[in-house]
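In what follows, a single structure is set out as structure tokens and then discussed.
What you see is a predicted model; the values in this text were computed from it and never measured.
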Amino acid sequence: MEVLVLGPLEVRVGGVPLHLGGPRPRAVLAVLAAEPNRVVPMNRIIDVIWGEGASDGAAATVQVHVSHLRRALAPAAAWLGKDMIVTQRPGYLLSVPEGAHDLLRVRRLLERARALIPSDPAGAVAELDAALACWRGEPLSDIAGDDLARNLAAGLASLRDTAFDDRAEVALGLERHAEELAALTAGVSVDPFNERRRGLLMMALYRCGRQAEALEVYQEGRRVLVDELGISPSPALRALEADILDHAPGLALAAPPRLVAERPTVRTGGIVVPSAWLEAGGELLALVEAVTTIGRSADRHVVIEGDKVSRSHAEIRVAGGEHVLVDQGSTNGTTVNGERIVRARLADGDEIGIGPARLRFVSRG
């Protein structure tokens, strides 16, 4: 049995797709399948499908669609030995094993890849390749409705983009510059506004001895941003251009910066990072993602214990080799070296404070 969202929505039993019904039942299933094994509140389902156009009877309509879906999913439920759609306040939960859902498989592959990066980057690339192979096209491409596409498919597509960029960055660290040029060039063509990807292409070209082409990639990006969005390239991308012009030593291969949770400075709670990152002297998290989230729920990259707030309190964004800390409206405030910030470029040794947590940014592991 398989539930598939990384392409057209499908539920397969024995390799045969089940008939899931019309557009609305399929839309309800898409909302649940995009958040597997989590309770999706009724108001969330209604908002995603109907938005402000929801009628007073929308909740009853969802219940009817769920009843239809349970009948349609009966072969899958028989295979699992239990109902797939579980009623659980304040909404519904799609219960599915990790190995039977393409999104859960991808998340597991990405987790394994991140754990391998410090010790086995080639293995990490293989895991990222396996994750990218799970996509069968645009996520939920057969689900009608602009709001649905924006609210569900965009997040799934972003996960693919992050995996693609992570893979390219790790591969460049393995000196596979020439091998990555074609994929990065195509990737920049598909998403010309992705500055992290553009920076990776610039780096690959530069390390292949093609400085002039790397600078042209920057100029092309600048033209796109100015002409289409009316903005200039980010400070990080501008800094990378300057480094390429100057043949800066920092463009040589180096380990990714890391975030260190220093236990003696944590007054309450603590920082939870995957056990694979534990090393003597502190907990180290390699910052290899476009965005590293710091928050208070288990789906964040760095989790601060002792609070139930289910959002990011801060993010560390990377582009062109620069790491920027951005406050996300934390009630505790975000500080760098004791000063409260909204946005700040991180330098080696900077201390980040969020509530009881104390983190340190280091440019080498």
Nearest-0.5 Å distance, CG of residue Leu237 to CZ of residue Arg196: 13.0 Å
Would you give the length of the straight line joining atom CG of Leu172 to atom CE of Met203, rounded to the nearest 0.5 angstrom? 8.0 Å
Does the side chain of Val3 reach to within under 4.5 Å of the side chain of Met84, using non-hydrogen atoms? yes
Not counting sequence neighbours, which residues clear side chain to side chain donor-acceptor pair (under 3.5 Å) with Arg176? List them please. none
Hey, can you tell me if Phe361 and His323 have their rings parallel, tilted or perpendicular (30° and 60° cut-offs)? tilted
Side chains of Leu132 and Val106 in contact at under 4.5 Å (non-hydrogen atoms): no
Asp161-Asn194 side chain donor-acceptor pair, cut-off 3.5 Å: no
Exam field: side chain Asp102 to backbone Val5, donor-acceptor pair closer than 3.5 Å: yes
Are side-chain heavy atoms of Ile231 and Phe193 found at a separation under 4.5 Å? no
Quick one: does Arg26's side chain have a donor or acceptor within less than 3.5 Å of a partner on Leu9's backbone? yes
Using a strict 4.0 Å threshold on nitrogen-to-oxygen distance, state whether Arg222 and Glu241 make a salt bridge. no
Let me confirm one number: the CG-OG1 distance from Leu205 to Thr185, rounded to the nearest 0.5 Å. 6.5 Å
Keeping the roles fixed (side chain from Arg198, backbone from Pro192), state whether a donor-acceptor pair exists under 3.5 Å. yes
I want to check something: taking the side chain as every heavy atom from C-beta on, are His65 and Thr61 in contact at a cut-off of under 4.5 Å? yes
How many angstroms lie between CD1 in Ile85 and CG in Leu69, if you round to the nearest 0.5 Å? 4.5 Å
Does atom CZ of Arg343 have more than 12 heavy-atom neighbours, drawn from other residues, nucleotides or ligands, at distances under 6.0 Å? no
Backbone N/O of Asn337 and side chain of Asp350: donor-acceptor pair under 3.5 Å: no
Could you work out, with side chain to side chain donor-acceptor pair (under 3.5 Å) as the rule, every residue matching Ser95, not counting sequence neighbours? Lys82
How about Leu116 and Val125: do any of their side-chain heavy atoms sit closer than 4.5 Å? no
Within 6.0 angstrom of Arg238 CZ, more than 12 heavy atoms from elsewhere: yes
Rounded to the nearest 0.5 Å, what separates atom OG1 in Thr87 from atom CD in Gln63? 8.5 Å
Side-chain contact, heavy-atom cut-off 4.5 Å: Leu104 with Asn37? yes
Roughly how far apart are Glu180 CD and Leu200 CG, rounded to 0.5 Å? 9.5 Å
Run through the side-chain heavy atoms of Ile, Leu, Val, Met, Phe, Trp and Tyr, join any pair under 4.5 Å, and report what else lands in Val324's cluster. Val326
Please check if the distance between the ring centroids of Tyr206 and His247 is under 6.0 Å. yes
